[in-house]
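Working notes for the structure below.
Protein chains get the first letters and strands the later ones, always in sequence-line order, with residue 1 at the start of each.
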Number of protein chains: 2
Amino acid sequence: MIKIQQSTLYGEAAARIRDMINEGQLLPGTRIPEKKLCEQFGISRTPLREALKVLASEGMVELLPNRGARVVRLTRQMLEETYSVMGALEGLSGELACRYISEAEVADIQALHYQMMAHYKRREIRPYFEFNQRIHDAIMLASRNEVLRETHASLNYRIQRVRYATNMTDEYWKQAVADHEAMIDCLLDRDGERLGTILREHLRHKLVVAAASGVIDDDRTDPC
Amino acid sequence: MIKIQQSTLYGEAAARIRDMINEGQLLPGTRIPEKKLCEQFGISRTPLREALKVLASEGMVELLPNRGARVVRLTRQMLEETYSVMGALEGLSGELACRYISEAEVADIQALHYQMMAHYKRREIRPYFEFNQRIHDAIMLASRNEVLRETHASLNYRIQRVRYATNMTDEYWKQAVADHEAMIDCLLDRDGERLGTILREHLRHKLVVAAASGVIDDDRTDPC
DNA sequence: GAAATGAATTATGAATACAAAACAGAAAAA
DNA sequence: TTTTTCTGTTTTGTATTCATAATTCATTTC
């Protein structure tokens, strides 16, 4: 049986705007011009406005009544707050994953880990990120908690654009890889408590790098 | 200077639908009739549909393409997942609160605690809940993390209707009060780690009661 | 020259109109 | 009787329209 995935215009629009924000085509703090995007997407304002409502509750844009939608700025404060919350969520995912994960899933994650390591050794940052993300996703899935997964995903959207702009120092990269090595050990031992701790720490390290990425919109004059 | 709070129709509508769900006027699994609600609220379909998009990303309703909106069912599984995530979030709030809370805020929480205790002794469940919630909110505020607060609030919406239907056993109620006593001690000692642990435990206790509340929509035939 | 005022323009918020899909019920076929 | 097909109705998704609030920019005033 083939699953028909019914797509809606507002869903498509939301996804495209999300990408545009992450890729820097829509800049933080700037207005999102409804009319322009409607023409670009070839849709009317109704579904586009619905998409903006969705993005607003995801925290990607902010809606100012009668003044339109703006791309939210990633302040340092907000980034710290978000990483703190994501740390708690990923920590929980680690704890739960160790309780429920199957042998096969652990093996899959190990495989992903080795692929990631290969890209690390070759200093191929994009593919490295790719596999890195897939490992974290796999742990999320293993936690058998959809609410957790969705909540995490929603926060993750907001900070994706940081990742697009991150430049890793050798020192941090080494640390990140070490974290991942330890994570694999925890999974093999089913040591949920320690995996949770490592993941929370891991997120704290990520914050440091992210904060230095240059997409932070602090101390810019805010014309609101 | 008076702050003008600009309200939008879709925001109002979202709030009203939320309340209707929590108060049982819109039943889980049932369709949300656009036309009817439009007439009831005296608005057109456009803002109402926007409200539904917001509620959908909050997890209050689910949108089936071309088949309208339904109130999501609270399955036991989902309730467990949600409490698990909220436990992690409240745990974090406890840890952070101990780092940042002021003397005055601790005093306020103590005052709320004594008011809550008064209602506990008189077995006045509604006011007890009221103060209980206010204490948890106050800790959230003290954590100085808006992202955390909003994420928690969003999850809290979904399970509010359980709280409306909870009947407390004496045993659980006693336990809950004991938890709260311990929480106050932690705040006074600024013992974040322990407060975090207590809050996570506290949420686990809440789950047990909630699961027995009778608003769980398991094993009902699903006509989808 | 800078700030303030006001009309013209533009964008947003909400209502209405139209197209397409889902639903319901009657009639026909197995 | 049960199943299927067809048709009319209802409901949803999207486009369009209209009213109102915000913005812009030229003009006036200090």
Please list, for nucleotides 12-19 of chain C, all pairs of protein and nucleotide N/O atoms separated by less than 3.5 Å.
from	atom 1	to	atom 2	distance (Å)
dG13(C)	OP1	Asn66(A)	N	3.0
dG13(C)	OP2	Arg49(A)	NH1	2.5
dG13(C)	OP2	Arg49(A)	NH2	3.1
dG13(C)	N7	Arg45(A)	NH2	2.9
dG13(C)	O6	Arg45(A)	NH1	3.1
dA14(C)	OP1	Leu9(B)	N	3.0
dA15(C)	OP2	Ser44(B)	N	2.8
dA15(C)	OP2	Ser44(B)	OG	2.6
dA15(C)	O5'	Ser44(B)	OG	3.4
dA15(C)	N7	Thr46(B)	OG1	2.9
dT16(C)	O4	Thr46(B)	OG1	3.4

Using distance only, find each side-chain donor-acceptor pair of residues 131-139 of chain A under 3.5 Å and give its atom names and separation, not counting sequence neighbours.
from	atom 1	to	atom 2	distance (Å)
Asn132(A)	OD1	His136(A)	NE2	3.2
Gln133(A)	OE1	Arg163(A)	NH1	2.7
His136(A)	ND1	Glu90(A)	OE1	3.0
His136(A)	NE2	His180(A)	NE2	3.4

Checklist entry - Could you state the CG-C1' distance from Leu63(B) to dT11(D), rounded to the nearest angstrom? => result 14 Å
Checklist entry - When the distance from CZ of Arg70(B) to P of dA22(C) is rounded to whole Å, what number comes out? => result 14 Å
Next on the checklist: I want to check a possible cation-pi pair here: Arg204(B) against Tyr83(B), using under 6.0 Å from ring centre and within 45° of the ring axis as the test.
Outcome noted: no
Checklist entry - For the pair made of CG in Leu48(A) and C1' in dA11(C), what is the distance, rounded to whole Å? => result 13 Å
Checklist entry - With Glu124(B), which residues qualify under salt bridge (Lys or Arg N to Asp or Glu O under 4.0 Å), at least two apart? => result Arg122(B)
Item to check | Distance, nearest 0.5 Å, that separates CE of Met140(B) from CG of Leu92(B) | outcome: 7.5 Å
Next on the checklist: Tell me if the CD atom of Glu103(B) is crowded by more than 12 foreign heavy atoms within 6.0 Å.
Outcome noted: no
